[in-house]
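One structure is given here, and the rest of the page talks about it.
These figures come from a predicted structure and were not determined experimentally. Chain identifiers are assigned alphabetically (A, B, ...) following the order of the sequence lines, protein sequences preceding nucleic acid strands; residue numbering begins at 1 within each chain.
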Amino acid sequence: MLDKTFRPDEVERAHYSDWESNGLFKARADANADPYTIVIPPPNVTGSLHMGHALNNTLQDVLIRVHRMQGRNTLWQPGTDHAGIATQMVVERQLGEQGVTRHDLGRDAFIDKVWDWKAESGGTITRQLRRLGASCDWSRERFTMDDGLSDAVKKVFVALHKKGLIYRDKRLVNWDPKLHTAISDLEVEQREVAGKLWHFRYPIEGREGEFITVATTRPETMLGDTGVAVHPEDERYLSLIGKYCIQPITGQRLLIVGDDYADPEQGSGAVKMTPAHDFNDFDVGKRHDLEMINIFDADAHVNENAPEAYQGLDRFVARDRIVAQMDELGLLEKIDEHPHTVPHGDRSGVPVEPWLTDQWFVNAEVLAKPAIEAVEQGRTKIVPKQWEATYYDWMRNIQPWCISRQIWWGHRIPAWYAEDGTIFVEETEEAALKAAAAHFGRDVKLSQDSDVLDTWFSSALWPFSTLGWPEQTPELERFYPTDVLVTGFDILFFWVARMMMMGIEFMGTEPFHTVYLHGLVRDENGQKMSKSKGNVIDPLSLIDKYGADALRFTLCTMEVQGRDVKLSEKRVEGYRNFSTKLWNAARFCQMNECRNVEGFRPAAVTQTVNGWIISEVVRTAAQVNRAVAAYRFNDIADTVYHFAWHNFCDWYLELIKPVLQGEDSPEKAECQATAAWALDQILLLLHPVMPFITSELWSSMGEGREALMSQQWPEYPDSMVDSTAIDDVEWVIRVISAIRGVRSEMNIKPGAKIPLLVKDASETSLRRLEQLAEPLQRLARLESVDTSVTEAPQGAVQQVVDEATYMLPVAEVIDISEEKSRLEKEISRLDGEIDRFDKKLNNENFTSRAPAEVVAEQQAKREAAVVQREKVEEALGRITEL
RNA sequence: GGGCGCGUAGCUCAGCGGGAGAGCACUCGCUUCACACGCGAGGGGUCGCUGGUUCAAUCCCAGCCGUGCCCACCA
């Protein structure tokens with residue numbers, strides 16, 4: 001016998017280890033079944049499970065479990081990401097607590113430390129995914145820095161370099177002065193700051209007392225000014241184009257150039273040019289051959305190219321000094337308040353500095369073309385569809401991807417330099433040496449590039465590198481391309497787009513057929529969860545408190561087509577209650593010996609209620625299957641919830657109670673078997689969302705049954721729906737509800753039994769009364785049912801349901817005036833309704849233009865209202881007589 | 001500046017060309033022998049505003065207002 005409540009913590013771990021140790025998560029490279037593959041978005045190896053992971057992996061697990069039960073050869077490929085900067089920062093912080101920097105250790109020792117840290121804490125996230133119930137094939141777990149995956153990275157780098165799609169270039173990049181590395185455009189986030197706009201006067205060379213006014217938000221860059229731009233058609237400045245002005249602090253001569261970039265409407269119409277520290281100025285500088293003076297070092301401190309007084313200053317200190325000095329010189333014209341956005345490093349949080357350096361780039365434009373076509377031609381579908389526009393927009397305007405990072409943790413760039421600077425890009429040092437020897441005609445010394453690759457470079461290969469590429473493995477053959485990628489929209493560009501490019505380039509076909517993009521998990525007020533706001537909800541603590549199933553169900557039911565999920569603990573609690581409900585339904589079945597019957601044939605049942613619940617199962621399964629196919633996760637969860645609670649528990653179990661509690665009979669046996677079967681179907685349909693409780697109940701409902709997760713997924717033909725049974729049971733539900741409504745409204749004691757009188761019953765109604773009399777009497781608390789009535793007794797309350805009038809002789813227990821006003825209200829409501837229908841039906845436009853069946857439908861509704869009104873009128877008449 | 005969402009019951013949200021639904025919350029009543037993490041019965045909404053299309057608009061279209069996010073080189 002089951003306990004009174006479900007205790008998730010007692011069974012979850014046991015079930016999970018059973019599944020895992022019995023190999024139920026394993027995919028088979030040699031199996032014939034149609035494969036179904038999902039690669040996990042690899043979490044940071046040193047990370048821990050947050051709510052975003054919980055959502056992401058719940059959705060994947062739902063898809064994986066459904067398809068596994070459908071008999072597909074299912075691979076959920078797990079693994080973790082080395083997360084270059086993030087991981088390096090974590091380890092550096094740890095070292096920092098001991099007063100050690102990575103430079104104290106040196107590169108090799110530091111990297112050893114990171115590996116130690118990985119060995120120590122790298123299992124956290126995968127353990128936590130197990131607690132969530134994720135049915136990954138852990139035997140195939142990969143790490144982006146595994147040997148095999150590193151080989152893939154090298155191979156890809158070399159191949160793209162040979163094709164000219166990876167190249168080294170000296171360009172302005174986003175430099176993070178705190179982390180001392182270049183970062184890609186995507187790692188830059190714009191932050192609104194309350195800045196200022198300073199207007200300065202620059203003296204014109206050779207024209208005493210004449211100035212040109214320039215405005216800037218970054219006075220410190222004045223140290224690197226090499227020009228001033230004005231619009232070529234701006235009449236104010238026409239005479240100055242080609243002349244020089246003087247940078248008052250550096251004394252630099254600044255050529256005044258005419259360039260379309262200068263906007264006459266903005267500021268003074270003249271803009272100072274700092275080509276080495278601004279992306280726009282860089283372009284203008286190139287066009288006009290302006291000098292590029294780099295004035296910052298890697299810390300964004302002023303370097304030796306600036307006047308001595310400024311050297312070594314932090315950029316913001318330098319800014320203040322420059323403003324002060326310009327003011328002293330009388331050249332500060334004005335200062336405007338100027339809120340604007342400033343680019344910040346997403347990891348470091350400090351403003352990034354455009355900085356001129358040598359970096360490695362991927363020519364993304366070429367790789368993007370076929371990746372755009374794959375979506376245009378529908379080979380890869382993005383769900384929800386509106387993200388396709390975002391994808392196109394970014395891909396069509398894609399910029400070169402800066403892939404080199406000046407950090408230590410990551411894939412070292414496979415490029416070697418000879419002393420004269422010649423570059424050899426090869427997969428191994430040996431190959432590079434050989435190439436160099438061939439090039440120089442003698443053996444030479446080479447040194448490897450000290451940079452590592454952007455983390456997303458290796459992640460971009462994930463769908464095929466995890467399957468063994470560049471080896472031609474059976475896994476690669478079988479499981480690539482994958483079926484669906486489930487991830488957050490926030491990494492559409494970082495990751496999805498790049499997997500598309502790399503997958504197509506190296507595998508010849510796109511890495512997945514469908515990309516499902518879900519939203520962010522926010523708190524119940526729609527706020528982003530963040531440590532500083534203190535509104536972070538830890539999934540593990542919710543699992544501890546309510547069980548993994550409750551959390552999973554909540555995330556699933558809140559996931560509506562990629563919209564953000566607003567999570568409240570209250571909601572989780574509510575779905576924990578659902579699992580208790582389910583638990584007790586099973587308990588009830590057990591108590592009433594509803595056992596699974598070998599060879600039970602749903603189509604062969606004879607009892608109406610059984611036919612009904614079976615039909616509802618069939619409908620529910622169909623609805624769930626539609627929801628799965630459409631990635632409507634909320635519908636999957638809601639559909640089963642509604643069926644389990646409101647059909648199975650509220651009505652079916654209540655309806656069969658009298659039979660179950662009666663004498664043994666064929667009817668009772670059929671109800672027991674049907675109940676057991678229907679409960680099984682709930683467990684099957686719910687298993688992908690709530691794997692633990694369903695498995696627990698599955699095994700407790702039958703001795704020695706095989707694991708639920710390897711059972712056949714429910715799919716039934718529509719022909720199994722018995723619409724007569726549905727109509728009949730829906731009828732009895734309506735009648736019972738109507739009677740209960742009257743009892744409640746009339747304030748009739750719950751225990752009091754009163755007779756039900758029925759008149760004008762049609763044949764169908766009579767049949768139903770006969771067939772469903774027992775549950776009707778019990779659930780509506782009736783003393784008896786009398787169908788021989790021809791006249792309503794005085795003061796009987798009447799309810800018309802379908803083709804019969806149901807009356808409760810309650811004159812002595814009710815307040816007549818209340819009942820009168822109730823009926824009067826009902827009549828005026830019906831009058832309004834009838835009026836509306838009349839208006840519509842008398843409208844020729846409607847009757848001639850609307851489809852015939854719509855008109856008929858409206859007519860029928862009107863008639864029903866009229867009949868109802870007559871009945872109520874009669875009842876009112878009788879009450880008035882009292 | 002460009003793009004994408006969202007405004008429906010007190011809250012969180014489904015829905016969608018033929019007079020609106022769920023969960024939670026609320027009110028009332030229940031020690032009904034599976035479940036009080038429960039059972040039953042209720043109250044509550046000019047479906048953001050204004051126009052248009054249509055016989056018919058919460059639903060389609062346009063504009064506006066509010067709100068959120070993404071992208072962008074604006075001194």
ask   = What nucleic acid atoms does A:Asp490 come within less than 4.0 Å of, heavy atoms only: base, sugar-phosphate, or nothing?
value = nothing
message = Counting distance alone, no hydrogens or angles: does the base of B:C37 have a donor or acceptor under 3.5 Å from a partner atom on the side chain of A:Arg576?
response = yes
remark   = For nucleotides 69-75 of chain B, 5' to 3', base contacts (B), sugar-phosphate-only contacts (S) and non-contacts (-) with protein non-hydrogen atoms under 4.0 Å give S---BBB
query = Under 4.0 angstrom, heavy atoms only, what part of the nucleic acid is A:Glu654 near: base, sugar-phosphate, or nothing?
reply = base
query = Would A:Lys861 and A:Glu863 count as a salt bridge (charged side-chain N to carboxylate O under 4.0 Å, His left out) if you check the C-alpha gap in whole Å, the side-chain angles of each, and the deciding distance to 0.1 Å?
reply = CA-CA 5 Å; A:Lys861 280 185 183 172; A:Glu863 290 320 308; over 6 Å; no
message = Is it the case that B:C37 (base atoms only) and A:Lys581 (side chain only) share a donor and an acceptor within less than 3.5 Å, ignoring hydrogens and angles?
response = no
ask   = Rounded to whole angstrom units, what separation is found between the CG atom of A:Leu492 and the C1' atom of B:G3?
value = 13 Å
task = Pick base, sugar-phosphate or nothing for A:Cys649, based on heavy-atom distances below 4.0 Å to the nucleic acid.
result = base
ask   = Is it true that the side chains of A:Thr620 and A:Gln623 contain a donor and an acceptor less than 3.5 Å apart?
value = no
request  = Go through the side-chain N and O atoms of A:Thr557 and A:Asp638 and say whether any donor and acceptor fall under 3.5 Å apart.
outcome  = yes
message = Please evaluate residues A:Asp336 and A:Lys334 with respect to the criterion salt bridge (charged side-chain N to carboxylate O under 4.0 Å, His left out), reporting the C-alpha separation (whole Å), side-chain torsions for both, the decisive distance (0.1 Å), and the verdict.
response = CA-CA 7 Å; A:Asp336 292 336; A:Lys334 62 169 175 174; 3.7 Å; yes
Solution key, residues 216-228 of chain A side-chain donor-acceptor pairs under 3.5 Å, sequence neighbours excluded:
from	atom 1	to	atom 2	distance (Å)
A:Thr216	OG1	A:Arg218	N	2.9
A:Arg218	NE	A:Glu220	OE2	3.1
A:Arg218	NH1	A:Glu353	OE2	3.0
A:Arg218	NH2	A:Glu220	OE2	3.1
A:Arg218	NH2	A:Glu353	OE1	3.0
A:Arg218	NH2	A:Glu353	OE2	2.8
A:Glu220	OE1	A:Arg319	NE	2.8
A:Glu220	OE1	A:Arg319	NH2	3.4
A:Glu220	OE2	A:Arg319	NH2	3.0
A:Thr221	OG1	A:Arg218	O	2.8
A:Thr221	OG1	A:Lys272	NZ	2.7
A:Asp225	OD1	A:Lys272	NZ	2.8
A:Asp225	OD1	A:Thr274	OG1	2.8
A:Asp225	OD2	A:Tyr202	OH	2.6
A:Thr226	OG1	A:Glu291	O	2.7

remark   = Of all heavy-atom pairs linking A:Gly519 and A:Asp564, the shortest is CA-OD1, 3.5 Å
key: Toward the 5' end of RNA chain B, by each residue's nearest nucleotide, A:Asn843 or A:Ile736   = A:Ile736
query = Hey, does A:Val560 reach any base, or is it just sugar-phosphate, or nothing, if we go heavy atoms under 4.0 Å?
reply = sugar-phosphate
task = Only counting residues at least two apart or in another chain, list the ones meeting side-chain contact (heavy atoms from CB on, under 4.5 Å) with A:Pro8.
result = A:Phe6, A:Glu12
request  = Establish, with yes or no, whether the OP1 or OP2 oxygen of B:A34 is under 4.0 angstrom from a side-chain nitrogen or oxygen of A:Lys657.
outcome  = yes
key: OP1 or OP2 of B:A41 under 4.0 Å from side-chain N/O of A:Arg743   = no
request  = Could you tell me whether A:Arg632 contacts a base, only the sugar-phosphate backbone, or nothing, with contacts defined as non-hydrogen atoms closer than 4.0 Å?
outcome  = sugar-phosphate
task = Answer with base, sugar-phosphate or nothing: what part of the nucleic acid does A:Lys839 contact at a heavy-atom distance below 4.0 Å?
result = nothing
ask   = Could you go step by step and tell me if A:Phe588 and A:Asn592 meet the side chain to side chain contact (heavy atoms under 4.5 Å, CB included) rule?
value = CA-CA 6 Å; A:Phe588 175 83; A:Asn592 287 284; 3.2 Å; yes
ask   = According to a 3.5 Å limit on both distances, what stems of 3 or more consecutive Watson-Crick or G-U pairs are formed with RNA chain B?
value = B:1-7 with B:65-71, B:10-13 with B:21-24, B:26-30 with B:38-42, B:48-52 with B:60-64
request  = Fit a plane to each ring of A:Tyr641 and A:Tyr575, take the angle between them on a 0 to 90° scale, and name the class: parallel (under 30°), tilted (30 to 60°) or perpendicular (over 60°).
outcome  = perpendicular
message = My understanding is that only residues two or more places apart in sequence, or in another chain, count here; which of them pass ring pair (Phe, Tyr, Trp, His ring centres under 6.0 Å) with A:Tyr631?
response = A:Tyr516
ask   = When you match A:Gln661 and A:Gln386 each to their closest nucleotide on RNA chain B, which lands nearer the 5' end?
value = A:Gln386
note = Once base and sugar-phosphate atoms are separated, protein heavy atoms under 4.0 Å mark nucleotides 17-24 of chain B, 5' to 3', with B, S and - as -BB---B-
message = Using only atom types and a distance under 3.5 Å, with no angle test, would you say the side chain of A:Arg743 pairs donor to acceptor with the backbone of A:Arg781?
response = yes
request  = Answer yes or no: is there an ion pair linking A:Arg571 with A:Glu569, defined by an N-O contact shorter than 4.0 Å?
outcome  = no
task = Tell me which nucleotide among B:A14, B:U12, B:C4 gets nearest to the side chain of A:Lys566.
result = B:U12
inquiry  = Regarding A:Ala389, tell me which of base, sugar-phosphate or nothing describes its non-hydrogen contacts under 4.0 Å with the strands shown.
reply    = nothing
